[in-house]
Amino acid sequence: MNTRWIYILILLTIGIPIGFKLALPPARMPVAEKLFSVVDNVSNEKGVAFVAFDYGPGTSAENLPQSQVILEHLFRKRVPVFIFSLTPISEPFLRSVPEDVAKQLEKETGESWQYGKDWVNVGYRPGGGLFIQTLAKSPNIPEFLGKDVKGAPLSSYPISTRVSTIKDISFLGEFTGLVGMFQTYVQYFQADGYVPIFGHGCTSITIPEAYIYLDSGQLNGLLEGLAGAAWYSDLLRDKYKDREPDRALVSNTALGVAQLVVLGLVVLGNIVGWKQRR
Amino acid sequence: METATVVFAGIGTLAIFSFLIKENPFYRFFEHLFIGVAAGLLPILTIRNLLYPNVIGPLIGADIQVFPDGEIANPYNYWNLLFIIPLIFGLFYYAVFIPKVSWLSRLVIGISLGYSAGLSIKGFFAEMIPQVLGSFKPLVVPGSIGDSVNNSIFVITLLLVMYYFFCTFKGESTAHNGARYTGRLLLMVCFGAFFGSTVMARMALLVERIQFLVGEWWTAIF
């Protein structure tokens with residue numbers, strides 16, 4: 001059989017739900033639900049959240065919707081967020097994601113979210129584990145980070161008054177598809193026995209690996225690929241009734257249908273192969 | 001500019017997908033373009049995001065803000081001149097290309113290896129100890145059959161897989177061979193899960209690209 005027929009079939013399978021914006025209800029993802037309740041309980045009275053976008057265009061298909069829903073949840077709860085990355089190629093996302101989320105929320109609620117007060121973009125930070133360890137042990141985190149991505153001193157923003165040490169970081173979120181990146185945070189984002197509540201968004205490839213950390217309690221919640229983001233998005237819609245459905249639900253529908261077709265093709269291929277061998 | 005970017009990105013995506021029909025010059029051109037961009041991007045990002053703001057900028061005083069009336073926000077910090085020391089030390093890496101002074105590069109490599117090793121040891125314990133502790137699970141959880149079954153499966157799988165890797169000697173015993181065989185089967189189940197999730201991840205990439213073509217790209221063109 002010409003394999004091009006399979007490509008056309010997959011193209012149609014994915015293209016039709018996207019073209020017609022078909023959105024089936026996503027499947028329940030218990031660990032994404034756990035992350036939702038963890039983020040929902042983060043206090044906005046004091047402290048800040050640190051969110052790392054350690055992804056580039058290669059895994060943005062899964063990591064982008066994940067970071068959008070988590071940031072949206074933190075913004076809705078008015079938890080100030082420091083956004084940064086250990087990967088240089090994430091730079092465009094560090095800028096666009098919070099701006100887009102803020103715009104969408106402003107349109108929906110009429111309230112405003114301001115740069116410097118509700119979030120700050122610390123940009124790409126080199127050094128990997130060494131940077132994370134120094135940040136975690138720093139007695140004055142804004143002073144250690146120095147400047148934001150625009151070159152302005154972090155101390156000039158109101159958000160900086162809410163954090164000095166790692167103990168003021170109430171939530172750490174990290175999104176990546178890179179091997180070993182997420183482990184850097186598990187290993188070094190801690191000081192004096194304090195570890196912030198940790199939520200992680202992984203790509204589908206790394207789901208089995210991430211589960212180990214969830215099981216050992218090193219992770220407090222997990223977004224499993226696109227499906228995790230879609231379920232989280234659905235939970236947000238349940239809680240905030242005026243929220244418009246986002247792209248994650250349509251993508252998840254297309255993904256689910258395509259997976260079923262692949263599964264069907266695998267079964268069909270095995271049956272044909274088995275018959276030919278007889 | 002943004003529209004042009006979207007249109008060009010869409011053309012690039014279609015060019016790469018055209019390989020599914022057959023090898024063609026359109027695909028080949030964009031493949032080489034991508035390799036060139038990827039190779040050029042990293043040095044630029046390193047200079048722009050790492051070297052200039054952290055070393056060169058403070059060294060030449062480019063981070064000093066001057067207000068419209070000519071007043072300077074902060075004077076030049078002469079301590080920044082100390083950046084020259086690590087800068088020169090880092091440049092010793094390139095001494096590897098000059099045979100007479102190539103020993104200088106070993107100083108930098110030695111320090112890098114030393115701190116990496118120290119950092120890794122600390123990281124290993126911080127990562128692994130909670131996992132070792134987490135593997136001690138009660139086989140019987142009062143009032144929860146589900147948890148008891150889950151924990152039992154976890155512990156049995158853990159022991160059998162460890163047995164498969166550690167007990168690699170040849171044995172005639174049925175129990176020994178059975179345990180190793182079962183451990184291997186359980187590993188296969190794990191690899192199957194990895195394979196399934198890999199297919200899902202690749203499919204998610206395709207979904208995103210088609211969403212981009214059907215959404216942003218189509219809108220930008222028409």
Side-chain angles (χ1 to χ4, degrees), chain A residues 3-4 7-8 10-11 14-15 17-19 58-62 64-65 88-89 91 123-130 133 146-147 149 151-152 177 183-184 186-188 190 203-209 212-213 215-218 224-227 247 250-252 254-255 258-259 262-263 266, chain B residues 9 17 20-22 38 41-42 44-46 48-51 53-54 57 62-63 65 73-74 115-116 119-120 122-135 137 150 154 190-191 193-215 218:
Chain A
T3 48
R4 287 173 196 142
Y7 301 145
I8 291 171
I10 296 292
L11 185 70
I14 294 173
I18 290 172
T59 60
S60 67
E62 294 184 284
L64 178 62
I89 48 173
E91 208 179 60
Y124 157 64
R125 295 291 162 147
L130 202 60
Q133 178 167 265
K147 292 174 181 174
V149 78
Q183 283 83 349
T184 306
V186 174
Q187 292 173 350
Y188 305 114
Q190 49 185 289
T203 54
S204 304
I205 297 177
T206 52
I207 294 171
E209 204 180 324
I212 301 168
Y213 298 91
D215 196 56
S216 62
Q218 288 160 294
E224 305 147 288
L226 198 53
R247 257 166 61 151
V250 177
S251 307
N252 191 49
L255 185 65
Q259 287 277 84
V262 169
L263 204 63
V266 169
Chain B
F17 282 170
L20 296 174
I21 301 167
K22 66 173 188 176
L41 188 67
L42 205 60
I44 294 297
L45 284 176
T46 310
R48 207 187 66 181
N49 295 347
L50 177 63
L51 274 177
N54 294 310
D63 60 338
Q65 286 181 323
N74 49 318
Y115 94 70
S116 301
L119 210 60
S120 302
K122 190 212 164 192
F124 175 81
F125 285 107
E127 186 184 348
M128 288 301 160
I129 297 293
Q131 284 181 29
V132 173
L133 293 174
S135 66
K137 290 175 185 287
N150 275 342
F154 175 87
C190 177
F191 295 148
F194 269 107
F195 179 72
S197 53
T198 304
V199 172
M200 191 157 85
R202 298 288 174 251
M203 208 62 85
L205 294 180
L206 182 62
V207 168
E208 191 271 336
R209 277 298 83 190
I210 293 177
Q211 208 157 32
F212 167 76
L213 288 174
V214 173
W218 196 256

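Chain A is the first sequence line, chain B the second, and so forth, proteins listed ahead of strands; every chain is numbered from 1.
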Return the option, out of [options], with the maximum number of heavy-atom pairs under 4.5 Å with chain A.
options                               : result
B/Pro130, B/Ser135, B/Gly123          : B/Gly123
B/Ala201, B/Gly215, B/Pro53, B/Gly134 : B/Ala201
B/Gly57, B/Ser197, B/Ser116           : B/Ser197
B/Glu208, B/Gln211, B/Arg48           : B/Gln211
B/Thr198, B/Val214, B/Val207          : B/Val207

Can you say whether [X] sits under 4.5 Å from chain A via the side chain, the backbone, both, or neither, judging by heavy atoms?
X        : result
B/Leu213 : neither
B/Arg209 : neither
B/Val199 : both
B/Ser120 : backbone
B/Leu119 : both
B/Phe125 : neither
B/Tyr115 : side chain

Item to check | Exercise: do A/Gln190 and A/Gln218 side chains pair donor with acceptor under 3.5 Å | outcome: no

Checklist entry - With no hydrogens and no angle check, do the side chains of A/Glu62 and A/Ser204 hold a donor and an acceptor under 3.5 Å apart? => result yes

Checklist entry - Quick one: does A/Ile10's side chain get under 4.5 Å of A/Val262's, heavy atoms only? => result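 Touching, per the 4.5 Å side-chain cut-off.
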
Checklist entry - Are A/Leu11 and B/Phe17 close enough that some pair of their side-chain heavy atoms sits under 4.5 Å apart? => result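 Side-chain contact under 4.5 Å: no.
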
Checklist entry - Counting only heavy atoms not in B/Ile21, do more than 12 fall under 6.0 Å of its CD1? => result no

Next on the checklist: For A/Ala254 versus A/Ile18, what's the shortest heavy-atom pair and its separation?
Outcome noted: CB-CG1, 4.0 Å

Checklist entry - What pair of heavy atoms forms the shortest contact from A/Pro88 to B/Leu45, and how long is it? => result CB-CD1, 3.7 Å

Checklist outcome for this item: Which of A/Ile207, A/Leu226, A/Thr203 passes side-chain contact (heavy atoms from CB on, under 4.5 Å) with B/Met200? It is A/Ile207

If you count heavy-atom pairs under 4.5 Å between each of [options] and chain B, which one has the most?
options                                : answer
A/Gln259, A/Lys147, A/Gln187           : A/Gln187
A/Val250, A/Thr206, A/Val266, A/Leu130 : A/Leu130
A/Ser216, A/Gly19, A/Pro208            : A/Pro208

Next on the checklist: Pair B/Gln131, A/Val186 - check side chain to side chain contact (heavy atoms under 4.5 Å, CB included), show working.
Outcome noted: CA-CA 11 Å; B/Gln131 284 181 29; A/Val186 174; 5.8 Å; no

Checklist outcome for this item: Sorted by chain and residue number, the side-chain hydrogen bond (donor to acceptor under 3.5 Å, both in side chains) partners of A/Glu224 (sequence neighbours excluded) come out as A/Tyr211

